[in-house]
2 protein chains.
Amino acid sequence: MNEALQPIEETDAVVVGAGPVGLFAVFELGMLRLRCRVVDALEAIGGQLVALYPTKPIYDIPGIPKLLAADLVARLAEQARPFAPGYHLNATVERLERRADGRWTVVLSGGQGIAAPVVVIAAGAGAFGPNRPPLAGIEAYEGKSVFYLVKRAEDFAGKRVVIAGGGDSAADWAVALAEVAAKVMVVHRRPKFRCAPESEARMRALAESGRIEMVIPYQLDALEGANGRLARVVVKTLDGEARALEADALLPFFGLAGDLGPIARWGIAMDGTAIKVDPATCATNLPGVFAIGDVAAYPGKLKLILTGFAEAALAAHAAFAVANPGRALHFEYSTTTGVPAI
Amino acid sequence: MNEALQPIEETDAVVVGAGPVGLFAVFELGMLRLRCRVVDALEAIGGQLVALYPTKPIYDIPGIPKLLAADLVARLAEQARPFAPGYHLNATVERLERRADGRWTVVLSGGQGIAAPVVVIAAGAGAFGPNRPPLAGIEAYEGKSVFYLVKRAEDFAGKRVVIAGGGDSAADWAVALAEVAAKVMVVHRRPKFRCAPESEARMRALAESGRIEMVIPYQLDALEGANGRLARVVVKTLDGEARALEADALLPFFGLAGDLGPIARWGIAMDGTAIKVDPATCATNLPGVFAIGDVAAYPGKLKLILTGFAEAALAAHAAFAVANPGRALHFEYSTTTGVPAI
C-alpha cells in the first residue's frame with residue numbers, strides 16, 4: 001500500500017474514459033445494478049465528440065438519422081444519469097494495484113484511490129491532449145489568450161480572434177465566432193481544407209461577405225504581447241513573407257494527439273497501440289479489467305461508435321459475473337425490467 | 001434453372017427480415033453504396049417490435065433513453081429511406097440457388113427470383129407466426145372476428161372484445177381497447193401476469209374502475225357463432241366450471257412461434273436453431289451469405305437489438321468486399337461522408 005494514498009473510495013466499476021462508449025458503459029453496468037466512477041483526462045465528458053467535432057452531424061447512430069456529436073453526448077449522459085455515476089474529470093489513472101481481496105485499487109493522478117472489482121477501459125485514442133504549435137513562449141499565453149478548446153462562443157464576444165488550422169474545428173469555430181467576435185482570421189498553410197464540405201462552404205460564404213478574413217497560405221510564426229495578453233500573431237508564408245495580425249486571442253486547432261500514457265504500463269497485453277481483448281467478453285489479460293470502444297482490438301474490429309456500444313453491453317454482462325461471483329445473471333430485456341433504481 | 005421462375009430482378013444485397021436489425025443493415029449497406037431488397041414474412045416492417053410489443057418502451061437503445069418499439073421501427077425506416085430499399089412483405093425465401101456467375105438467386109414464396117452477390121439473414125427468431133389456441137373451428141373466424149394482431153384500436157370501437165393471454169400484448173391491448181371498445185374481457189389462466197409491472201398496474205386500475213373485466217382463472221374452451229361471426233367465447237376453469245362470454249371479437253395473445261422454416265434447409269451450418277457465423281464478419285459457411293441479429297450465433301452472443309446493429313455494420317463491411325471484388329474499401333466516418341446518394 002502506498003502511504004501517500006488518500007482515503008480510498010469504493011465502487012463496483014471504474015470506467016476509464018467519458019466518451020460516448022464510456023458513458024453507455026455506465027448505463028449498461030447500471031442496468032445490472034453495478035455502480036460506477038468515471039475518470040477522464042479532459043475537463044468535460046464526451047471525449048473526442050466534444051473535443052474534436054461537437055457541432056458535426058453524425059448519421060450512423062442506429063435509430064437517429066442525424067444528430068450533432070455534442071447532442072449524442074448529452075443524450076448518453078441523460079441515459080446514464082439514473083445510475084448517478086461519479087465523474088472524476090481532469091484526472092488520469094496513474095496505475096492499477098491488485099489488492100489482497102482480489103479487487104483493484106485505481107490510483108488517480110491526484111493520488112486518490114478507488115477500490116473496485118471491475119475496471120472498464122474506454123479510453124478511445126488515449127488520454128489525449130491538443131497538438132501545440134511550436135511557438136516560443138506559448139505557455140505564458142495558454143488559458144489567457146491562447147485556447148485549444150472553446151467552451152462558449154460568447155467568451156470571444158467583441159474580440160479579434162485568430163484561428164489556425166484546416167480541419168473541422170477550425171472551420172466550425174470560424175463560422176460560430178463570426179457571429180460574436182469583432183474579427184475572425186483563419187490562418188491555414190494551403191487553400192485546401194480537410195473538413196466537411198458543408199462547413200467549408202459556410203466559412204467561405206462568410207469570407208465572401210467580409211465576416212471572416214482568410215489568411216492563406218500562412219503558418220504561425222510567433223506571438224507578441226505581454227503578461228499572457230496577446231497583441232499580435234505573426235504569420236509567414238513558406239517563402240518567408242511575414243504579416244502581423246492584431247489579435248486578442250489565438251485558437252490553434254491542430255487536432256489532438258492520442259497517448260495511452262500510463263495505461264501502456266499497467267501490464268495489459270497490447271496489440272500495437274490498442275488493447276487486446278477476448279471478443280466474446282471484452283476481457284483483457286488482467287482479471288476484472290475490460291476494454292471497449294476504439295481502444296479495444298480483436299479480429300474484425302470496426303472503430304465505430306455503435307460497435308463500442310455493443311462492446312459495452314458485452315463487458316457489462318461479463319463484469320456482472322466478476323462483481324457477483326457465483327450469482328447467476330438472469331438475462332432480461334429493458335422493456336421488461338425498465339430502468340432499475342440503484 | 002427453374003422454368004417456373006418469374007423474371008429475375010437484380011440488386012446488390014437481399015436482406016431477409018425487416019426487423020430492426022434488418023432495417024439497420026439496409027442503412028449500413030447503403031452507406032457503402034450497396035442497394036438492397038428486403039424480404040419479410042409479416043405484412044409490415046418491424047419484426048417482433050411491431051408484432052409483439054409495439055407500445056412498449058425500450059430503454060437500452062444507445063442515445064435514446066426511452067422510446068416505444070414502434071417508434072424505433074419508424075426511425076430505422078427513416079434512416080434506411082435514402083437508400084430506397086425495395087420491400088417484399090408477406091413473402092418468405094423458399095431457397096437460395098447458386099448461379100454460374102457466383103451470385104445467388106433468392107427465390108421467394110411467390111416464385112419471384114432476385115439475383116444478388118450478397119444475402120444478409122436478419123431473420124430474428126424466424127419467419128414467425130402466432131401461437132393458435134387449440135379451439136375447434138377457429139380457422140373459420142380468423143380474420144373476421146378472431147385476430148392475432150391489432151392494427152388499429154379503432155377497428156374495435158363499440159365492440160365486445162375478449163382478450164386471452166397474460167403477457168405484454170394482452171395487457172397493453174386491454175388498456176388501449178378499454179378506451180374505444182364497448183366491453184373488454186381479459187381471460188387468463190392464473191392471477192399472475194408476466195408483463196411489464198407498469199402495464200399490469202394500468203390494466204388493474206381499469207379493472208377496478210369497471211372498464212375491464214378480468215376473467216380469471218379461466219382458459220379458452222370453445223367458440224360459438226356462425227359464418228365467421230362470433231357470438232360467444234366459452235371459457236372454463238381447470239375444475240371444468242364454464243362461462244359463456246358474449247363477444248364480437250377474440251384476440252388470442254399467446255406469443256409468436258419462431259420457425260426458421262426453409263432457412264434451415266438452405267445448407268447453412270446451424271448451431272441449434274441459430275446460424276453459426278464468424279464473429280469477425282458475420283459470414284456463414286455459404287460464400288456471400290451473412291447472418292446478423294438474434295438468428296446469428298457465436299461465442300459470447302448477447303441477443304440485444306444494439307448487438308445486432310453492430311453486427312449489421314460488420315456484415316456490411318464484409319459484404320462490400322464480396323460485391324466489389326478487388327476494390328479496397330476506404331474506411332470513413334459518417335460525419336465525413338454524410339449520407340451518399342445511391
Side-chain angles (χ1 to χ4, degrees), chain A residues 20-21 23-24 27-28 31 53 56-67 69 71-76 78-82 168 194-198 278-282 298-314 317-318 331 333-339, chain B residues 20-21 23-24 27-28 31 53 56-67 69 71-76 78-82 168 194-198 278-282 298-314 317-318 331 333-339:
Chain A
V21 173
L23 293 174
F24 192 66
F27 171 82
E28 285 288 333
M31 289 293 281
Y53 56 102
K56 286 253 95 71
I58 305 178
Y59 300 95
D60 66 344
I61 302 301
I64 312 178
K66 180 179 180 178
L67 92 169
D71 292 340
L72 176 59
V73 172
R75 285 156 168 252
L76 291 165
E78 183 193 338
Q79 201 162 20
R81 190 171 306 126
D168 283 316
R194 47 173 174 70
C195 62
E198 196 184 324
D278 174 351
T281 58
C282 289
Y298 54 83
K301 167 80 180 199
L302 282 181
K303 286 191 182 180
L304 295 172
I305 295 172
L306 67 102
T307 303
F309 290 152
E311 293 162 7
L314 273 181
H317 279 74
F331 183 82
Y333 293 105
S334 75
T335 193
T336 307
T337 59
V339 175
Chain B
V21 173
L23 293 174
F24 191 65
F27 171 82
E28 285 287 335
M31 289 293 280
Y53 56 103
K56 286 253 93 77
I58 305 178
Y59 300 95
D60 66 345
I61 302 301
I64 312 179
K66 180 179 180 178
L67 93 169
D71 292 340
L72 177 58
V73 172
R75 284 155 168 254
L76 290 165
E78 183 194 338
Q79 200 162 21
R81 190 170 307 127
D168 284 315
R194 47 172 174 71
C195 62
E198 195 183 325
D278 174 352
T281 57
C282 289
Y298 53 83
K301 168 80 179 198
L302 282 182
K303 287 192 183 181
L304 294 173
I305 295 172
L306 68 101
T307 303
F309 290 151
E311 292 162 7
L314 274 181
H317 279 74
F331 182 82
Y333 294 105
S334 75
T335 194
T336 307
T337 58
V339 175

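Letters A, B, ... are given to chains in the order of the sequence lines, protein chains preceding strands, and every chain is numbered from 1.
- Scanning all heavy atoms of the two residues, the minimum distance from Tyr59(B) to Phe27(A) falls at O-CZ, 3.1 Å.
- A donor-acceptor contact shorter than 3.5 Å links the side chain of Tyr333(A) to the backbone of Lys303(B).
- Interface check for chain B: of the options Ser334(A), Gly300(A), Pro299(A), the most heavy-atom pairs under 4.5 Å are formed by Ser334(A).
- Using a 4.5 Å cut-off between heavy atoms, Leu72(A) touches chain B through its side chain atoms alone.
- To the nearest 0.5 Å, atoms CE (Met31(B)) and CG (Asp60(A)) are separated by 6.0 Å.
- When Leu23(B), Ile58(B), Leu304(B), Ile64(B) are compared by the number of non-hydrogen pairs under 4.5 Å with chain A, Ile64(B) comes out ahead.
- Summarising the geometry of Gln79(A) relative to Ile61(B), their closest heavy-atom pair is NE2-O, 2.9 Å, with the distance given to 0.1 Å.
- Highest contact tally toward chain B, considering only Gly308(A), Ala280(A), Ala313(A), is held by Ala280(A) [criterion: heavy-atom pairs under 4.5 Å].
- Interface check for chain A: of the options Gly338(B), Ala310(B), Pro65(B), the most heavy-atom pairs under 4.5 Å are formed by Pro65(B).
- Per-residue counts of heavy-atom pairs under 4.5 Å with chain A were compared for Thr307(B), Leu306(B), Val339(B); the largest is that of Leu306(B).
- Using a 4.5 Å cut-off between heavy atoms, Glu311(A) makes no contact with chain B at all.
- In terms of heavy-atom pairs under 4.5 angstrom with chain B, the leader among Ala312(A), Pro20(A), Pro62(A) is Pro62(A).
- When each of Gly63(A), Ala69(A), Pro279(A) is scored by its heavy-atom pairs under 4.5 Å with chain B, the top score falls to Gly63(A).
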